[in-house]
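For this chain, numbers begin at 1 and follow the sequence in order. Order of appearance sets the numbers: ligands from 1, and atoms from 1 within every ligand.
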Amino acid sequence: MTDLGGSGSRGERLNLLGLTRPALEAYVSDLGDKPFRARQLAHWIYKRGEPSIERMTDLAKSFRARLAGCAEVRVPEILEVRQSGDGTRKWILRADASQAFEMVFIPEDDRGTLCISSQVGCALDCAFCSTAQQGFNRNLTTAEIIGQVWLANRELAAAQAVARLGERPAERPITNVVLMGMGEPLANLRSVIPALKILLDDHGFDLSRRRVTLSTSGLAPQIYRLAEEVNVALAVSLHAPDDALRDELVPINRQHPIAELLEACWHYLDEQNGRSVTFEYVMLDAVNDSPAQARRLGRLLAGHPAKVNLIPFNPFPGTRYRRSPAEKILRFRDELNALGIIATVRRTRGEDIDAACGQLAGRVIDRTVVRLGRKGTARLGRSTLSVVVQP
Ligand code: SAH
């Protein structure tokens with residue numbers, strides 16, 4: 001039987017969105033048709049953005065009728081759209097009656113980056129992240145993860161068509177996808193791996209592996225799993241140059257400390273023939289931003305294929321942290337550069353619509369509180385973690 005991953009609950013029609021090509025081929029042959037129909041279907045769904053099986057006109061009418069009886073293309077529902085003064089756009093999408101998740105499009109001169117979510121809320125409880133304040137509600141399905149890219153493509157293409165009426169068709173608006181929205185993608189590998197495969201598949205979204213980036217807070221064992229399955233760019237939220245501080249800021253560090261995490265990163269690069277890992281480092285005033293800390297970080301990474309991306313902290317209501325002043329951020333960058341490490345400062349985008357890094361809070365109301373809280377972590381064994389980390 002076909003694996004109906006991401007199809008929703010029983011009795012519903014199968015959601016074709018979110019099936020990898022082998023799964024789509026298996027489904028089509030279960031229906032008694034040739035596997036090449038799967039490629040045609042994928043072309044309609046991903047390349048042409050067509051949600052209606054009825055309108056997939058080069059498929060035989062009888063096949064369309066059979067397919068429409070048991071399957072559909074079901075995309076997340078848009079609850080709200082916010083447009084920032086700097087061109088950044090955020091969509092709030094329905095997860096269910098009381099829950100929402102978010103995606104953000106960041107246009108730049110030479111690229112268009114879509115930042116997508118992998119979970120509703122997050123369980124990892126990083127001290128400086130607003131999503132963490134919400135707690136964890138549930139994993140997104142593959143269809144919901146892929147549905148974000150599908151929807152954003154449609155929305156942006158429609159906006160371009162209006163803006164450039166009469167001109168030649170615009171280029172594809174989304175050139176890069178980053179899993180840096182709500183959630184910890186490596187805690188939802190079951191949905192995230194097929195989603196990454198569809199993003200890369202030349203019959204799917206056909207993105208190059210360098211243009212798809214997964215960002216993790218540092219689930220070291222899952223980095224090994226990822227290395228076996230799919231080849232995308234890896235970003236790691238490091239945020240501190242030593243275990244004592246990282247234990248505070250990124251509590252998963254208490255289970256997978258820096259040395260174990262870095263080993264997993266270098267293994268990933270070896271396995272995937274990757275160029276470098278990007279280490280994200282949020283700049284928190286008087287917490288992790290001193291020149292000595294920069295040098296310590298530099299020594300940790302020197303000689304390895306590593307880049308550092310410094311992220312000015314984005315405040316949110318109730319936080320005890322402040323953003324480092326610009327001159328401290330530049331000094332930190334210069335210290336790293338002096339040690340031969342490429343370090344860049346991320347330009348903050350979409351702040352006016354709460355779309356900047358760490359500001360995605362969705363509306364996680366009915367949350368299950370499985371956060372790695374300050375007190376809780378000491379007591380957390382593997383069994384508790386398995387609530388959020390799928391095999
Ligand atoms: N869970 C994943 C992906 C989501 S966060 C991870 O931890 O990597 C994407 C990036 O934004 C991470 O590097 C995260 O640490 C950073 N971030 C979170 N909150 C932030 C904030 N308030 N200001 C700036 N960056 C933040």
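Comparing heavy-atom distances from atom 4 (C) of ligand 1 across G181, A127, P312, S215 singles out G181 as nearest. Distances from atom 10 (C) of ligand 1 to the heavy atoms of Q119, H239, R323, E280 show the closest one on E280.
The atoms of ligand 1 that sit less than 4.0 Å from any heavy atom of F128 are 15 (O), 17 (N), 18 (C), 19 (N), 20 (C), 21 (C), 22 (N). Contact atoms of ligand 1 toward G183: 1 (N), 2 (C), 3 (C), 4 (C) (distance under 4.0 Å to a heavy atom of the residue). Which parts of ligand 1 touch S217 is read off a 4.0 Å heavy-atom cut-off, strictly below it: atoms 6 (C), 7 (O), 8 (O).
Between M180 and ligand 1, not a single N/O pair is under 3.5 Å apart. When only interatomic distances are considered, the shortest N/O to N/O separation between S130 and ligand 1 does not fall below 3.5 Å.
Note: H239 and F128 have perpendicular aromatic rings, judged against thresholds of 30 and 60 degrees for the angle between ring planes.
Distances shorter than 4.0 angstrom do not occur between any heavy atom of M182 and any atom of ligand 1. Not a single heavy atom of S118 sits less than 4.0 Å from an atom of ligand 1. Using a 4.0 Å heavy-atom cutoff, A132 is absent from the residues neighbouring ligand 1.
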Might you work through the salt bridge (Lys or Arg N to Asp or Glu O under 4.0 Å) test for D285 and R323, ending with a clear yes or no? CA-CA 5 Å; D285 188 24; R323 177 182 296 180; over 6 Å; no

Take Q40 and R37 through the side chain to side chain donor-acceptor pair (under 3.5 Å) test and state the conclusion after the steps. CA-CA 5 Å; Q40 283 180 300; R37 293 269 178 239; 2.8 Å; yes

Report the C-alpha separation of R89 and V104 in whole Å, then their side-chain angles, then the decisive distance to 0.1 Å, and conclude whether the side-chain contact (heavy atoms from CB on, under 4.5 Å) test is met. CA-CA 6 Å; R89 193 182 302 195; V104 178; over 6 Å; no

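P312 has its side chain within reach of I329: a pair of non-hydrogen atoms, C-beta onward, lies under 4.5 Å apart. Residues R64 and L67 fail the side-chain proximity criterion, which asks for heavy atoms closer than 4.5 Å.
Residue contacts with ligand 1 for E184 involve both N, CA, C or O and side-chain atoms from C-beta outward (heavy atoms, distance under 4.0 Å). The backbone of T216, and not its side chain, has at least one atom closer than 4.0 Å to an atom of ligand 1 (non-hydrogen atoms only; backbone = N, CA, C, O). Counting heavy atoms closer than 4.0 Å to ligand 1, residue I311 contributes side-chain atoms (C-beta onward) but none from N, CA, C or O.
Side-chain contact, W91 with E155: a donor N or O sits under 3.5 Å from an acceptor N or O. Between the side chains of R190 and N139, no donor-acceptor pair is found at a separation under 3.5 Å.
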